[in-house]
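On a predicted model such as this, the values are computed, not experimentally measured, just so you know. Hydrogens, waters and symmetry mates play no part in the numbers below; they use all other heavy atoms, side chains included. In this chain, numbering begins with 1 at the start of the sequence shown. Counting starts at 1 for both ligands and their atoms, following the listed order.
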Amino acid sequence: MVKQTVLTGIKATGELHLGNYIGAIKPALQIAKHENVNPMYFIADYHALTKVHEQQTLQEYSYGIAAAWLALGLNPKRCLFYRQSDIPEIFELVWILSCFSSKGLMNRAHAYKAIKEQNIDQGYDKDDGVNMGIFSYPILMAADILLFQAKEVPVGRDQIQHIEIARDIATSFNSQYGNVFTLPQSRVSEQAVLPGLDGRKMSKSYGNTIPLFAQKDIMKKLINKIMTDSSKPNERKDPDQSTIFTIYKEFATNEQTEKMRQQFYDGISWGEAKQELFSIVSETLEEPRVIYNEFMTDKAQLDRILQEGAERARDIAVPFLKEVKKTIGL
Ligand code: ADP
Ligand code: TRP
């Protein structure tokens, strides 16, 4: 059986929240369990460097993300788990791919385009605050993917364009040299978008998140802050319009969800509903929280796991890059 490589990167730019867990981590861990899949998940720390320019912050984010994935069930024996910055071959490939990437393609990449348009709107120079890392971000991402001949790339919707760019770059290279690179495809999770405290998408850019491993009292306070309508206790409530219910059902069994739905119809008070949500979320995260804290106090252990992963990844990367270099005449 030929296993399909499924690869994804996790940018180390912040503390993980419940939305990241439900929308990205949980589905990726489920994919990794499939027999016919060869999962490769990595910490995209060099992508984070396009934004995070503070030594300790970058380190804490990278370790935090590694610890969280392991605590939530990633098995590093089954899944290649590594740090992007431990694979120097990625960067050799970045240069090669850069020479096959038109500047126009980068101009159209949405992260750069969004900053540029905002600058223009505000009357600044269009490239104000844009470093070359942001500009060529999609090429680094293409190298992450193409170096390992990944077929499927699980990502959030906002990353689909980057996978398309990786395909474009690979196609441009292949049209000159034959089928060297596997063309990747994005795989967008069917998972719901989790709302945050204010009802908008939970996102660190909106400051409306519930951090995954927040201390219990902080998590409780945050859950109590979730916005609700003004309906009174005993009044019928619409579960499908409620942030509380939407988050609850992602952590509950079908049976628990149906029971809660009925409680909403029966007029559960917002206070009680929040208490139920807190119970189920903190119960689900109880054991992972312990493991997470253990890893965060034993960074040497994290380094060991990530370095082992990097070595195994380099066993694939080194010979493949050699082939690529030979193909172009180097
Ligand atoms: P943020 O919006 O907080 O900056 P990221 O853009 O870093 O989050 O997202 C990392 C991953 O988590 C992506 O795969 C994204 O689709 C997923 N994700 C982020 N927020 C949510 C959410 N509220 N609901 C579901 N998935 C989410
Ligand atoms: N750019 C992705 C994000 O912001 C992270 C990432 C880096 C990635 N390299 C990747 C995702 C390769 C998939 C494949 O979420």
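Within a 6.0 Å sphere centred on CZ of F91, heavy atoms belonging to other residues, nucleotides or ligands number more than 12.
Sorted by first and then second residue, the salt bridge (Lys or Arg N to Asp or Glu O under 4.0 Å) pairs with a member in residues 104-124 form an empty list; sequence neighbours excluded.
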Dump the pairs for me: ligand 2 N or O, protein N or O, distance under 3.5 Å, to 0.1 Å.
| unit_1 | atom_1 | unit_2 | atom_2 | d |
| --- | --- | --- | --- | --- |
| ligand 2 | 1 (N) | Y137 | OH | 2.7 |
| ligand 2 | 1 (N) | Q159 | OE1 | 3.0 |
| ligand 2 | 4 (O) | Y137 | OH | 3.1 |
| ligand 2 | 4 (O) | Q159 | NE2 | 3.2 |
| ligand 2 | 9 (N) | D144 | OD2 | 2.7 |

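We find that K249 and D240 are not joined by a salt bridge, their nearest charged nitrogen and carboxylate oxygen being 4.0 Å or further apart. A salt bridge does not link E250 with K26: none of the charged nitrogens is closer than 4.0 Å to a carboxylate oxygen. Salt bridge annotation for E311-R314: absent, with no cationic side-chain nitrogen under 4.0 angstrom from a carboxylate oxygen.
Among protein residues, H17, G19, N20, G23, A24, G156, A192, V193, L194, K201, M202, S203, K204 come within 4.0 Å of ligand 1, judged on heavy atoms.
The aromatic rings of Y137 and H47 lie tilted to each other, with the angle between the two planes from 30° to 60°.
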Determine whether K220 and K274 satisfy the following criterion, side-chain contact (heavy atoms from CB on, under 4.5 Å), listing intermediate values before the conclusion. CA-CA 9 Å; K220 191 163 196 174; K274 286 176 176 175; over 6 Å; no

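Between F320 and the options L146, V180, L93, a side-chain contact (heavy atoms from CB on, under 4.5 Å) holds for only V180.
In terms of the side-chain hydrogen bond (donor to acceptor under 3.5 Å, both in side chains) criterion, residue partners of S85 (sequence neighbours excluded) are, by chain and number, D45.
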